[in-house]
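We use all heavy atoms of the structure for the numbers below, so side chains are in, but hydrogens, waters and symmetry mates are not. In what follows, chains are A, B, ... by sequence order, proteins preceding strands, each numbered from 1.
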Amino acid sequence: MVKEEKEIANRPDNTAFTQQRLPAWQPMLSAGIVIPGFVLIGLAFIGIGVALFVTSRSITVLEIDYTGIEKDSACFKCSNADVKNCVCNLEFSIDSLFEGPVFFYYGLSNYFQNYRKYAASRDDEQLSGDLDAFTAPSDSCSPYDYNGNDKPIVPCGAIANSMFNDTFVLYRVVNGANKLVPLDGKGIAWWTDYNVKFRNPSVTPLKNAFNNTVKPIFWPKPAYQLDASDPANNGFINQDFLVWMRRAALPDFRKLYRRITDGEYAKGLPAGNYSLTIAYNYPVQSFEGRKKVVFSNVSWMGGKNEFLGIAYLVVGSLCVLMSIVMLIVYAKFKFPEED
Amino acid sequence: MTVPKDIPEKWFPLVLPLKRNKQKGLNGATSKKKRTEEERKVRANDREYNEKFQYASNCIMTSKYNIVTFLPVNLFEQFQEVANTYFLFLLILQLIPQISSLSWFTTIVPLALVLSITAVKDATDDYFRHKSDSQVNNRQSQVLIRGSLQNEKWMNVRVGDIIKLENNQFVAADLLLLSSSEPHGLCYIETAELDGESNMKVRQSVSVTSELGDQNNLASFDGEVVCEPPNNKLDRFCGTLYWRDKKYTLSNQNMLLRGCVLRNTEACYGLVIFAGPDTKLMQNSGRTKFKRTSIDRLMNTLVLWIFGFLVCMGVILAVGNAVWEREVGFLFQSYLPWDPPVDNFLFSAFLSFWSYVIILNTVVPISLYVSVEVIRLGHSYFINWDQQMFCSQCNTPAEARTTTLNEELGQVEYIFSDKTGTLTQNIMSFNKCSINGQTYGEGSDPLGPQPKRLDFTPFNPLADPDFCFYDDTLLEAVKVGDTHTHKFFRLLSLCHTVMSEEKSEGELLYKAQSPDEGALVTAARNFGFVFRSRTPGTITTTEMGRSVTYTLLAILDFNNIRKRMSVIVRNPEGRICLYCKGADTVLLERLHPCNQELMNITSDHLNEYAADGLRTLALAYRDLSEDEWEAWSERHRSAAKAASCREDRLAAAYEQIEQDMVLLGATAIEDKLQEGVPETIAVLSLANIKIWVLTGDKQETAVNIGYSCKMLTDDMTEVFIISGHTVQSVRQELRRARDRMIEMSRTRDGKEEGVEGCFMGNGFREGQGDSRGGEKQLQCPPPPPSNLMDNISGEFALVINGHSLAHALEADMETEFVSTACACKAVICCRVTPLQKAQVVEMIKKHKKAVTLAIGDGANDVSMIKSAHIGVGISGQEGIQAVLASDYSFSQFRFLQRLLLVHGRWSYLRMCRFLCYFFYKNFAFTMVHFWFGFYCGFSAQTVYDQYFITLYNIVYTSLPVLAMGIFDQDVPDQRSLEYPKLYEPGQLNLLFNKREFFICIAQGIYTSVVLFFVPCAILSDATQSTGVPLADYQTFAVTTATALVIVVSVQIALDTGFWTVINHVFVWGSLGLYFSIMLALQSQTLFGIFPNQFHFVGSAQSTLLQPVVWLTIALATAICIVPVLAFRFLKVDLKPQLSDTVRYTQLVRQKKRKPAGRSVGGAWRGVGSVSEGRLGARGSSRRSGYAFAHTEGFGELITSGKNMRLSSLAMATFASRHSSSWIDTLRRKKHSHTNTPPSASGESSPAPSCVSGSIPPLSNSSSVLSQTLNAGVLTPAALRSQGGDSPGSWTISLGAVQEALLRWKGRASASNSPVKLAE
């Protein structure tokens, strides 16, 4: 009796798990699955690729470099760093209707917003409206945390300090007269940035929150005066500031400047001549950077992106090709199916 | 067994894992330094005097830590591991703000996890060590203090104390036996714990002290012992006792060693000579090494390479950083000023190097080590849980005692096996006999109905109920009173040295020195000739119910040279008769010429028995006249008294009387193999594993077992015997054997058109004249298909004797020996000492770079078990020392095939797949940073969120690969047993090696390229449908991370071959977990609490809603996976591995069988027709095996009456006084030793017959196994039935396997023409 009990104690459990007999699916790369699978994947990719390619083709993009390095460039005169408050006019024409809604971007190249120290040079607590961080910015902002007089800089850090400050005004030239094209600067930043990540301190007026702080060194105006026209668009929730603070992943990038959605331009920019007045403030020549403006419309899949369509087409075709090769190989070295 | 079952466990601390011993050793060394002990002086009953020498106390300490030292010591130990130090170093780097490219928690979280898990494990281990230490140290022993016996704990026993031992007690320390309750100061001990020999040994005290007797005298005993310092020689002790101005020489005969058990002796007193760590047992627990698997070593090398790689990457990126800072960063300073201390591009590059070391460190994540441990632990549990390795007779499951070696089980090439208790059960059974030309015993028709077991009780009330015999004709012959039969059994009942014990009337207990003798006397007992008792001068038997007392005139004892023993007795009628039993070779020469005809018949029978692997003895008698006896007796007396050459003169005297004998017949004893041994050996050798038997047994016994377990077969081309006594002769014999092999393989080459040349021929021709050449011969590329049969049957075997082995193991002979021995299919080393066993293993390890496994059951196998890569202990036979020293233990040899072919193979496969995938996934993950470096000014900016980096290895990707590493199976277990060739990839190290590693790395790097550049190309221009560009850093990070997780998940899905529920849960769960954790970490709630920690707020929601992002991920996944898929498909199609084929056929079969129900066996039926069971292939070779155990007989002891005691307790297996160990005996007699090759080379069949009939059988027939599995419950009966009792079933599967393998091979060779792989 005792022995029997002991036996039960020692004998391993007879379960599917302990005996490694769990029911299992044992996939095998058999020809019946792999070859049709490749054909299907290939066809799907080709289909998607065609759709993407066609869509991408329908998107119009207008890109104009205004760095002003070249002598014939409209902004050549501004490219000299000594010239202050330079304004230049960029003329361009559109041959046919630039279908709307049209998005207006500015672009920078050779600009390393993804440099580690640059990226870290910000104080998220300060930017989320924490007044303690106003008086004592985080070390990560160094050397843009305090100015020469040991006054805290708000907003601190290299990113904020280097905010892009060229401004653009677009005119449609109608019969020789410049007609202002209204630009919509609302909602160009991420929803979470505007509503969650960046907050102004709950001090009214906003200016008081910035007492005993100084504006970033490169800024002409303090943060609470960024947008004179719209008092709500100031401080850390200024749309342009938000766009700038969402730093780019790659050294050549563009950022959304404005949307052209108002009134008669809702359908797009009509054919004709346009004049872009640029307040040229942002120096890029020192590091061989380029500045450009981009007008583009979008489809369901966003802006123009030929690479995506082509890549899909290539991968799809390769899959189909591969399936043919495999079929040939399989037919030649046929696995003994019969047994 | 007489050992109480619970005692061995208490001895756990005696066999200590190495580390602890090493520490011990160190301590010992330091104390030795203080005072190098050259000789030991011990004075009895004088603690003060002995304390001067500061001898070690009897307290043993095997634990490593105490509560205070645990944390520092354990941490110190853990940081000795390179990996841990490396991570600590990284952690320190990360604390330097200038270079910290990652938060400190990315390293500290995994590191803390790893350290604490290990610490908990170490603490638990040490706790148990403390417990067992104190258990042993607190055992009670009776110490004689100031004239009275006091109970003292073991740990308080001091050198010089006199302690009293009682029957069945463990000896507490190494004692000098002073006196005993038995006459002549004798006492009996069992040394199983010490040397594995389960028979009892006699120890005798020096005569002066044995007279001391009671404790009062002992208390005043003040003798002083001067002896050698502590050492580990179990069979040697040399010292001198000085007492009352006299010197007495002490030897091992006077010593009781710690670890022995006192038996059959009421009490004895001993003087403590060595205590605690100085005892021979502790000194012998041996140098143990930390075992690492070859995968471990490879992994360590690879990790080093990866570190090198890491440094290279760091250097490249640092150079990039220098250039960038000089060319671009310098100009970019207005937006991105250099830090004041970094005002130099070179310094910046230096910092960047360290920063990159930090972010690229994930190529060797700490989770690698943890995961490997977890997987091995899982595999160990599966071994422990395996019901098919559970022995219901002994109620012991298999146990993986080490959790770190599992995958090495899949790579074993050499198995070193003990014989007794491992291959055999060490049970002898009287199986057959030949009486006066008539053979009796089990019918040789295995297919016929099983004969009924004879019931002896009605005929003979004294019969032993356990005795089995199946042939009733013999019983009939006895009953009708056939004189020859009667004489035959009378001889068996008289001619032996067995002691009997009769506790109550008719309840006889025989104590035999060798189990053979016990079996013979028991057989006689059952057939009506019952040996009842003996005195020095008489033997009392009950013959056919009538009590008869014979006068014992002389015992002509057995020894190795004589190979026979005789007794001369006078029966009650006064007739004198000499009865002799012995090896046929010796005995048949000494017969009276008139026996010729009978001799021929008997000799045929003997050959038949020997061919069956039975141990044979021939029996003869001679009637002596009173005059003859008187004359001889006189001569014998004078020889016995001779001062010089006593032994030679005795031998001559014996020789004189043992002449002109009349042959009675022969006996055949079966040394019962363990269940399933031949089948297991057959399967293992099909798996290309070479099996060496290392045994302490005599050559003949060992060879016999070799035959009966089918290691040696009559189809072997040749069996070489090496038994030279000098270096030269051994060398010559080895060379000759090699030359012969070359010759034979040449002739075979010629005969078979070189088809199989590769296997032997080529290697040999190259190797001629070069002693190293032989090493290459087995390393031919996969043997051509037609070799398969030859691999199995017709090869060479080598038998080497202990003394020759000693020479062969000398440094300059090693290569010679290895090259010869490794060319042989089977190697048997007999008469080896425990140390030699270890040396042989070490030698193979040194010369062959192969994985070795040692399996044994006794303490004499411990050294071998410890030196082999893997040590396996057979539990439940002899002591438990082997088990304690082993890495795996189970109770049946046959479980070895399951351990290796199923568990080992799976473990290896899983570990390799795990490692491949693991390196792949980490390279794919980490190298993305490298590519990103070129776009971010080499600033060590990470691509991913730091939380992703922290969690990637420990959460997002760990579980699916663990599930694969633990549960994956390519083919089901019964298939791995059916196709032993599936084991080969492990031996050849094909699944994970440097090449495979580079492939994984390349795949990982390829994936990282795709994962970086595809999003890079697509996102740089892409925008959301709201026009917001997607090229911001956070979107990029989320996209790449998601693509990475998806790609590696798809890859693991491809790698997983066995999708259990758990795999599904883990794979899908990990993906789900990734998304939920990411969404949680980027949620507004968390940001609200720690705005500085969670920069990524909202990125996931925003990014994952974009169709372009998903298109990017899909594209990246396709580009990564499609080539892999195509490659794998083509590989399976063009170059299928055996496992692919097996898996494929398995699937097809399953599909087909589904409607008809599964009965796998049926399909395989009708192929094989091999129907010989245990009988095996019968050849023409003539072998003789004779049954006698290790040591000389004990005739002298019996006749001297020394061991005869009044108490009926007595039953001794004594040890002849002058043979302190058999090796000494051997040495003394070596010049006169003659060797009889069991197989004369000329007589053996020269060429392998190469037919399926000679193939060793396979066990685990598919039908039996699958039916059992289908039944769902493994009944013990079903398990047993696999063991080989049913010859029919395994032979069928054997044929099937052979055929299947052949076909597969055939297919492989003719890859252009598709061959059907029929079932």
For this session: Kindly determine whether B/F332 and A/Y111 satisfy ring-ring contact (aromatic ring centres under 6.0 Å, His included), including the steps that lead there.
Result: CA-CA 8 Å; B/F332 201 60; A/Y111 194 105; 5.0 Å; yes
Exercise. Distance-only, no hydrogens or angles: does the B/S939 side chain make a donor-acceptor pair with backbone N or O of A/Y115 under 3.5 Å?
Worked result: no
Problem set entry | Minimum-distance pair of heavy atoms, taken over all atoms of A/A249 and B/F932 | O-CE1, 3.4 Å
Exercise. Can you tell me if CZ on B/F1127 sees more than 12 non-hydrogen neighbours from other groups inside 6.0 Å?
Worked result: no
Problem set entry | chain B contact via A/P101 - which portion, at a heavy-atom distance below 4.5 Å | neither
Exercise. Under 3.5 Å, side chain of A/K197 to main-chain N/O of B/H1095, donor-acceptor pair present?
Worked result: yes
Exercise. Among B/C936, B/A398, B/A1037, B/P97, which residue forms the greatest number of heavy-atom pairs with chain A at distances under 4.5 Å?
Worked result: B/C936
For this session: State, with a plain yes or no, whether a side-chain heavy atom of B/Q1024 is found less than 4.5 Å away from one of A/W190.
Result: yes
Problem set entry | Under 3.5 Å donor-acceptor, A/S162 side chain and B/Y335 backbone | no
Exercise. Nearest 0.5 Å, what's the OG-CH2 distance between B/S1102 and A/W191?
Worked result: 11.5 Å
Exercise. Which one, A/P27, A/S128, A/A158, A/G303, leads in non-hydrogen pairs under 4.5 Å with chain B?
Worked result: A/P27
Problem set entry | Under 4.5 Å from any heavy atom of chain B - which part of A/A119 | side chain
Problem set entry | Side-chain (B/Y381) to main-chain (A/T18) donor-acceptor, under 3.5 angstrom | no
Problem set entry | Contact class of A/A189 relative to chain B, heavy atoms under 4.5 angstrom | neither
Problem set entry | Side-chain heavy-atom pair A/S286, B/S334 within 4.5 angstrom cut-off | yes
For this session: Without swapping roles, check the side chain of B/Q387 against the backbone of A/P12 for a donor-acceptor pair under 3.5 Å.
Result: yes
Exercise. In terms of heavy-atom pairs under 4.5 Å with chain A, which of B/F967, B/W324, B/F330 leads?
Worked result: B/W324
Problem set entry | CZ-OG1 distance between A/R21 and B/T1060, expressed to the nearest 0.5 angstrom | 14.0 Å
For this session: Against chain B, label A/L52 side chain, backbone, both or neither, depending on which of its atoms sit under 4.5 Å from a heavy atom there.
Result: side chain
Problem set entry | Winner by heavy-atom pair count (cut-off under 4.5 Å) against chain A, out of B/A940, B/S1020, B/P397 | B/A940
Exercise. Tell me, side chain or backbone of A/V196 under 4.5 Å from chain B's heavy atoms, or both, or neither?
Worked result: both
Problem set entry | Heavy-atom proximity to chain A below 4.5 Å, by part of B/L1130 | side chain
For this session: Name the region of A/F287, side chain, backbone, both or neither, that has any atom closer than 4.5 Å to a heavy atom of chain B.
Result: both
Seminar exercise, completed: Most heavy-atom pairs under 4.5 Å with chain A, out of B/Q1093, B/Q1106, B/R1128, B/Q1034, belong to B/Q1034
Exercise. For the residue pair B/V1028 and A/I188, what are the closest heavy atoms and their distance?
Worked result: CG2-O, 3.8 Å
Exercise. Would A/F103 and B/T1026 count as a side-chain contact (heavy atoms from CB on, under 4.5 Å) if you check the C-alpha gap in whole Å, the side-chain angles of each, and the deciding distance to 0.1 Å?
Worked result: CA-CA 9 Å; A/F103 297 87; B/T1026 58; 5.6 Å; no
Problem set entry | Side-chain donor/acceptor of B/Q941 to backbone N/O of A/K117, under 3.5 Å | no
Problem set entry | Lys/Arg cation over aromatic B/Y1033: A/R247, 6.0 Å, 45° cone | yes
Exercise. Do B/S355 and A/R116 have a side chain donor and acceptor closer than 3.5 Å?
Worked result: yes
Exercise. Which of the residues A/V314, A/V294, A/L256 is involved in the greatest number of heavy-atom pairs with chain B at under 4.5 angstrom?
Worked result: A/L256
Exercise. With chain B, which of A/N195, A/D124, A/I35 has the greatest number of heavy-atom pairs at distances under 4.5 Å?
Worked result: A/D124
For this session: Spell out, as yes or no, whether a donor-acceptor pair under 3.5 Å connects the side chain of A/R11 to the backbone of B/T396.
Result: no
For this session: Give, as side chain, backbone, both or neither, the part of B/A1126 having an atom under 4.5 angstrom from any heavy atom of chain A.
Result: both
For this session: Please round to the nearest 0.5 Å and tell me the distance separating atom CG of B/D1021 and atom CG of A/L308.
Result: 11.0 Å
Problem set entry | Structural part of B/N321 lying under 4.5 Å from a heavy atom of chain A | side chain
Exercise. Should A/L22 and B/V1061 count as side-chain neighbours, where that means a heavy-atom distance under 4.5 Å?
Worked result: no
Problem set entry | Separation of B/N1063 CG from A/W25 CH2 (nearest 0.5 Å) | 10.5 Å
Problem set entry | Largest heavy-atom contact set with chain A, pairs under 4.5 Å, which of B/V328, B/L1111, B/V1108 | B/L1111
Seminar exercise, completed: Applying a strict 4.5 Å limit to non-hydrogen atoms, the region of B/I1062 in contact with chain A is side chain
Exercise. Taking B/G1057, B/A1022, B/P1123 one by one, which has the highest count of heavy-atom pairs under 4.5 Å against chain A?
Worked result: B/G1057
Exercise. Okay, side chain of A/Q19, backbone of B/W385: is any donor-acceptor separation there less than 3.5 Å?
Worked result: yes
Problem set entry | Partner chain B: residue of A/F253, A/Y118, A/F218, A/F38 with the largest heavy-atom pair count (under 4.5 Å) | A/F38
Exercise. Taking C-beta and beyond as the side chain, do B/H903 and A/Q20 meet within less than 4.5 Å on heavy atoms?
Worked result: yes
For this session: Select one option (side chain, backbone, both, neither) describing which atoms of B/A1053 are under 4.5 Å from chain A's heavy atoms.
Result: neither
Exercise. Relative to chain A, which segment of B/Y935 carries a heavy atom at a distance below 4.5 Å: side chain, backbone, both, or neither?
Worked result: both
Problem set entry | Which portion of A/S299 sits near chain B, non-hydrogen atoms under 4.5 angstrom | backbone
Exercise. Are side-chain heavy atoms of B/V1122 and A/L318 found at a separation under 4.5 Å?
Worked result: no
Exercise. Between CZ of B/F1129 and CD1 of A/I33, what distance do you get to the nearest 0.5 Å?
Worked result: 10.0 Å
Exercise. If you count heavy-atom pairs under 4.5 Å with chain B, which of A/R259, A/K255, A/R246, A/E306 comes out on top?
Worked result: A/R246
Exercise. Would you say A/Y105's side chain and B/G1027's backbone share a donor-acceptor pair under 3.5 angstrom?
Worked result: yes
Exercise. Checking A/N305 side chain against B/I1018 main chain: does a donor-acceptor pair fall under 3.5 Å?
Worked result: yes
Exercise. Out of A/M322, A/M326, A/M301, which one racks up the most heavy-atom pairs below 4.5 Å with chain B?
Worked result: A/M326
For this session: Side chain from CB out, backbone as N, CA, C, O: work out which of these in A/I217 comes under 4.5 Å of a heavy atom of chain B, or both, or neither.
Result: neither
Seminar exercise, completed: The reported gap from OG1 in B/T1023 to CZ in A/R254 (rounded to nearest 0.5 angstrom) is 6.5 Å
